[in-house]
Protein chains: 2
Amino acid sequence: MAISEIAPKQNLRPWLDRIIRGDCLDVLAQLPAGSVDLIFADPPYNLQLRQELIRPDTSVVDAVDDEWDQFKSFADYDRFTAAWLAACRRVLKDTGTLWVIGTYHNIYRVGSILQDLGFWFLNDVIWVKNNPMPNFRGVRFTNAHETLLWCKKAADAHGCTFNYQDMKAENGGKQMRSDWYFPLCTGAERLKGRDGEKVHPTQKPLALVERIVRASSQADDVVLDPFAGVGTTAVAALRNGRRYIAIEREPAYVEAAEQRLADEQSRRELPLFAFGS
Amino acid sequence: MAISEIAPKQNLRPWLDRIIRGDCLDVLAQLPAGSVDLIFADPPYNLQLRQELIRPDTSVVDAVDDEWDQFKSFADYDRFTAAWLAACRRVLKDTGTLWVIGTYHNIYRVGSILQDLGFWFLNDVIWVKNNPMPNFRGVRFTNAHETLLWCKKAADAHGCTFNYQDMKAENGGKQMRSDWYFPLCTGAERLKGRDGEKVHPTQKPLALVERIVRASSQADDVVLDPFAGVGTTAVAALRNGRRYIAIEREPAYVEAAEQRLADEQSRRELPLFAFGS
DNA sequence: GTTTTTCATGAATCCTCGG
DNA sequence: TCCGAGGATTCATGAAAAA
């Protein structure tokens, strides 16, 4: 019997509970197979924006035009998507599940590739935004939601975690549905740099990721995020008593995430009632 | 100059405003190219149900297990999907738009193929159900929505219809968003056979299809439905002053749709105030 | 100090027509 | 096909500024 089957978490120790700077394919290749309980992935969306967008008040929308969201074609994006999803599937336990978030720009590519790789959908979940950006030109419906895909490793996989009763309790005693309502990540939660600018263009709401962690993992489970950004998944894991593996390529995001997690740790070690005592 | 460019609607006369019994690929092949303003499609969902679903009270859920929803594999479903979407694209005007509704079983295949065929998304819209069927086993989130894809024929297509102000008015003076709230089609609206059983397993709410027709077509435009079922799209077109082309393969659905449209016509010709006079 | 007003901003595939 | 003119176009939130 391989050691990885006896004590998989031992093998993960070098990667656990820290932000790993690197390309997710490189890092995932080093991780032992079948070792992770839950994956949450917020990959590049391949937005394909064509020109500047001007508000009616003539201000310019600060669009997502980062280098990491540029792909030459759908074929290019598909190759990228199939590669990281296959790598995720290898490190996922047979009882593990995977979540991916996206918009219409990419989610139909992702969903199709998930099925082609043998993943089996458990649900698609809609994040309905209280406060989305309007459609300024009045030429389409307000794009007021994003889509989350939740799947297990194979159609015949068994023993996946779904904390049904916890979700029911969070939903006022009724079954949690596939439509989830959260505001955008703004205000104090949104990480800002020294210049006052947002650090990451697409930081996700912590409450959204926390619900995912609570729904589909157990205490001390290992949660992996291959596109960790500023570490929202890591914070969600920490706050809910899970371990995490967070991979991020951009040094600026890694630095911000490390600071955020240090703040989170000290906040946990010095709870409010300790002040003034 | 071809006749079709002078008076395209003349060429459509044999197919207009009736339920055409036949396979949609056969019928679409006969229609002139570039002649249709709007397409609404509710294709088979490829549900892949594995076994009977039993409610907690041991009653059996009447699932969609019709022959027309059986496909051997994703590849099989993809071929079918690519074929009818390509046929729709041919008959669609360059300024026309197309809607497809589906669930996670099929919508990621459909969305990906739409993009591969050159269609360009305008929005994805979520139909949020007020009264979905619960998840009886308590192993997943309540599947409380379906997804609609709205796209134009190509990225560089111009002049597509979107009745922005009408939608805004329908939404209490604010931009219509991508999340739409409608109850399931039940009660008097749900067509029943002589045996009291529902005629069609997945009849869509008329209000949903009416919103689509009002949002993305103009008066007297031609609305095509390649999987017309019991004729909901035809009724939506009729009630909003549009022409329709409705294609349906199953004789039982055609018969029910024809009766429904006859009732609708007489209802329109004999409005309520005429009774008792 | 309190209330009101102004302003900034968010994963966005965001126009039409004539020359 | 490209370019320029004309014209129609925004919601919720929170912070900052003003009253």
Side-chain angles (χ1 to χ4, degrees), chain A residues 41-74 77 100-110 126-148 181-192 195-205 208 227 229-230 232 253, chain B residues 94-95 97 111 114-115 118-125 149-165 167-168 171-179:
Chain A
D42 181 13
Y45 285 9
N46 187 23
L47 237 37
Q48 309 169 68
L49 304 179
R50 312 195 128 197
Q51 58 199 4
E52 262 191 351
L53 178 60
I54 313 289
R55 293 189 175 85
D57 66 4
T58 71
S59 66
V60 178
V61 173
D62 182 19
V64 177
D65 55 0
D66 302 73
E67 174 272 329
W68 49 255
D69 198 43
Q70 304 301 319
F71 296 85
K72 285 181 191 141
S73 62
F74 281 129
Y77 186 78
V100 188
I101 186 168
T103 60
Y104 64 83
H105 308 84
N106 72 320
I107 201 67
Y108 301 97
R109 318 305 298 185
V110 169
I126 304 301
W127 168 28
V128 182
K129 303 176 182 181
N130 307 28
N131 50 349
M133 186 164 71
N135 184 284
F136 295 115
R137 304 296 294 269
V139 291
R140 303 190 184 182
F141 299 101
T142 308
N143 197 353
H145 73 276
E146 298 196 17
T147 300
L148 295 137
Y181 298 80
F182 292 105
L184 295 170
C185 178
T186 59
E189 188 185 328
R190 189 74 189 250
L191 293 191
K192 305 278 171 46
D195 54 2
E197 293 293 306
K198 59 193 175 195
V199 175
H200 194 284
T202 69
Q203 187 182 341
K204 293 297 176 291
L208 175 76
F227 306 100
V230 289
T232 305
Y253 302 160
Chain B
D94 288 344
T95 56
T97 63
L114 279 169
Q115 291 178 313
F119 284 100
W120 194 251
F121 289 138
L122 295 168
N123 280 111
D124 57 352
V125 167
L149 294 174
W150 182 37
C151 50
K152 56 183 181 178
K153 205 168 162 177
D156 58 0
H158 294 291
C160 305
T161 295
F162 176 54
N163 298 311
Y164 175 76
Q165 292 295 348
M167 289 297 103
K168 191 172 172 177
N171 193 39
K174 291 176 189 171
Q175 275 193 352
M176 185 73 80
R177 301 166 32 122
S178 58
D179 52 328

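In what follows, chains carry the letters A, B, and so on, assigned in the order in which the sequence lines appear, proteins first and then strands, with residues in each chain numbered from 1.
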Subject >> Whole-Å gap separating P (C:dA12) and CD (A:Glu52) >> reply: 14 Å
**OP:** Just call it for A:Thr202: base, sugar-phosphate, or nothing, with non-hydrogen atoms closer than 4.0 Å on any strand.
**Re:** base
Original post:
If you measure from the C1' atom in D:dA18 to the same atom in C:dG1, how many Å do you get, rounded?
Top reply: 14 Å
**OP:** Have a look at A:Glu197 and say if it touches a base, only the backbone sugar-phosphate, or nothing, with a 4.0 Å heavy-atom cut-off.
**Re:** nothing
Subject >> Sugar-phosphate, base or nothing in reach of A:Asn143, heavy atoms under 4.0 Å >> reply: sugar-phosphate
Original post:
Does the separation of the ring centres of A:Trp127 and A:Tyr181 fall below 6.0 angstrom?
Top reply: no
Subject >> Nearest-nucleotide comparison on DNA chain C, the residue closer to the 5′ end among B:Cys160 and A:Cys185 >> reply: A:Cys185
Original post:
Is any NZ, NE, NH1 or NH2 atom of the basic residue among A:Lys198 and A:Asp62 found under 4.0 Å from an Asp or Glu carboxylate oxygen of the other?
Top reply: yes
Subject >> Close side-chain approach of A:Leu53 to A:Arg137, heavy-atom, < 4.5 Å >> reply: yes
Original post:
Does a donor on one side chain and an acceptor on the other come within less than 3.5 Å for A:Arg190 and A:Thr186?
Top reply: no
Original post:
Taking the six-membered ring for Trp, are A:His200 and A:Tyr253 ring centroids under 6.0 Å apart?
Top reply: yes
**OP:** Specify the residue among B:Lys152 and A:Met133 whose closest nucleotide of DNA chain C lies further upstream toward the 5′ end.
**Re:** A:Met133
Subject >> Side chain of B:His158 (C-beta onward), nearest among C:dA11, C:dT16, C:dC14 >> reply: C:dT16
Original post:
Out of C:dG10, C:dA11, C:dA12, which nucleotide sits closest to the side chain of A:Lys204?
Top reply: C:dA11
**OP:** With C1' as the reference atom in both, quote the distance from C:dA11 to D:dA8 in angstrom, rounded to an integer.
**Re:** 25 Å
Original post:
Rounded to the Å, how far apart are A:His200 NE2 and C:dG10 P?
Top reply: 13 Å
Original post:
Does the ring center of A:Trp68 lie less than 6.0 Å from the ring center of A:Tyr45?
Top reply: no
Original post:
Looking just at side-chain N and O atoms, do A:His145 and B:Asp124 make a donor-acceptor pair shorter than 3.5 Å?
Top reply: yes
Original post:
To the nearest Å, how far apart are A:Gln48 CD and C:dA12 C1'?
Top reply: 12 Å
**OP:** Provide, to the nearest angstrom, the distance between the CG atom belonging to A:Asn106 and the C1' atom belonging to C:dA12.
**Re:** 13 Å
Original post:
Closer to the 5' end of DNA chain D via nearest nucleotide, is it A:Pro134 or A:Gly187?
Top reply: A:Pro134
Original post:
NA contact type, A:Pro205, heavy-atom cut-off 4.0 Å: base, sugar-phosphate, or nothing?
Top reply: nothing
Original post:
Taking atom C1' in both C:dC7 and D:dT10, what distance in whole Å separates the two?
Top reply: 14 Å
Original post:
Under a cut-off of 3.5 Å for both distances of each Watson-Crick or G-U pair, what dot-bracket string does DNA chain D give, using [ ] for crossing pairs and | for inter-strand pairs?
Top reply: .|||||....|||||||||
Subject >> Rounded P spacing from D:dG7 to C:dG19 in Å >> reply: 15 Å
Subject >> Euclidean distance, atom CG of residue A:Asp57 to atom C1' of C:dT6 [Å, nearest integer] >> reply: 12 Å
**OP:** Find out whether B:His158 and B:Thr95 are in side-chain contact, i.e. whether some heavy atom of one side chain is under 4.5 Å from a heavy atom of the other.
**Re:** no
**OP:** Using the salt bridge (charged side-chain N to carboxylate O under 4.0 Å, His left out) rule, take B:Asp179 and B:Arg177 through it: C-alpha gap first, then chi angles, then the decisive distance, then the call.
**Re:** CA-CA 6 Å; B:Asp179 52 328; B:Arg177 301 166 32 122; 2.8 Å; yes
Subject >> Main-chain N/O of A:Phe71 paired to A:Gln48 side chain as donor or acceptor, under 3.5 Å >> reply: no
**OP:** Mind calculating the distance between CZ (B:Phe162) and P (C:dC15) to the nearest angstrom?
**Re:** 13 Å
**OP:** To the nearest Å, give me how far apart CG (A:Asp69) and C1' (C:dA12) are.
**Re:** 12 Å
Subject >> Touch class at under 4.0 angstrom, heavy-atom based, for A:Asp42 against every strand present >> reply: base
Original post:
Between A:Thr186 and A:Ile54, who's closer to the 5' end of DNA chain D by nearest nucleotide?
Top reply: A:Ile54
Subject >> chain A contact limits on DNA chain D, taken 5' to 3' with a cut-off of 4.0 angstrom to heavy atoms >> reply: D:dG7 to D:dT13
**OP:** Select base, sugar-phosphate, or nothing to describe what B:Gly159 touches, counting heavy atoms under 4.0 Å on all strands.
**Re:** sugar-phosphate
Original post:
What nucleotide, of C:dA12, C:dA11, C:dG10, holds the atom closest to the side chain of A:Lys198?
Top reply: C:dG10
**OP:** Remember a base hit wins even if backbone is also touched, and classify A:Pro183 as base, sugar-phosphate or nothing at under 4.0 Å, heavy atoms.
**Re:** nothing
Subject >> Matching residue for A:Thr103 among A:Asn106, A:Ile101, A:Ile107 - test: side-chain contact (heavy atoms from CB on, under 4.5 Å) >> reply: A:Asn106
Original post:
Per the atom types in the model, does the base of C:dA11 pair as donor or acceptor with the side chain of A:Lys129 at under 3.5 Å?
Top reply: no
**OP:** Quickly work out the A:Arg50 CZ to C:dA12 P distance and round it to whole Å.
**Re:** 17 Å
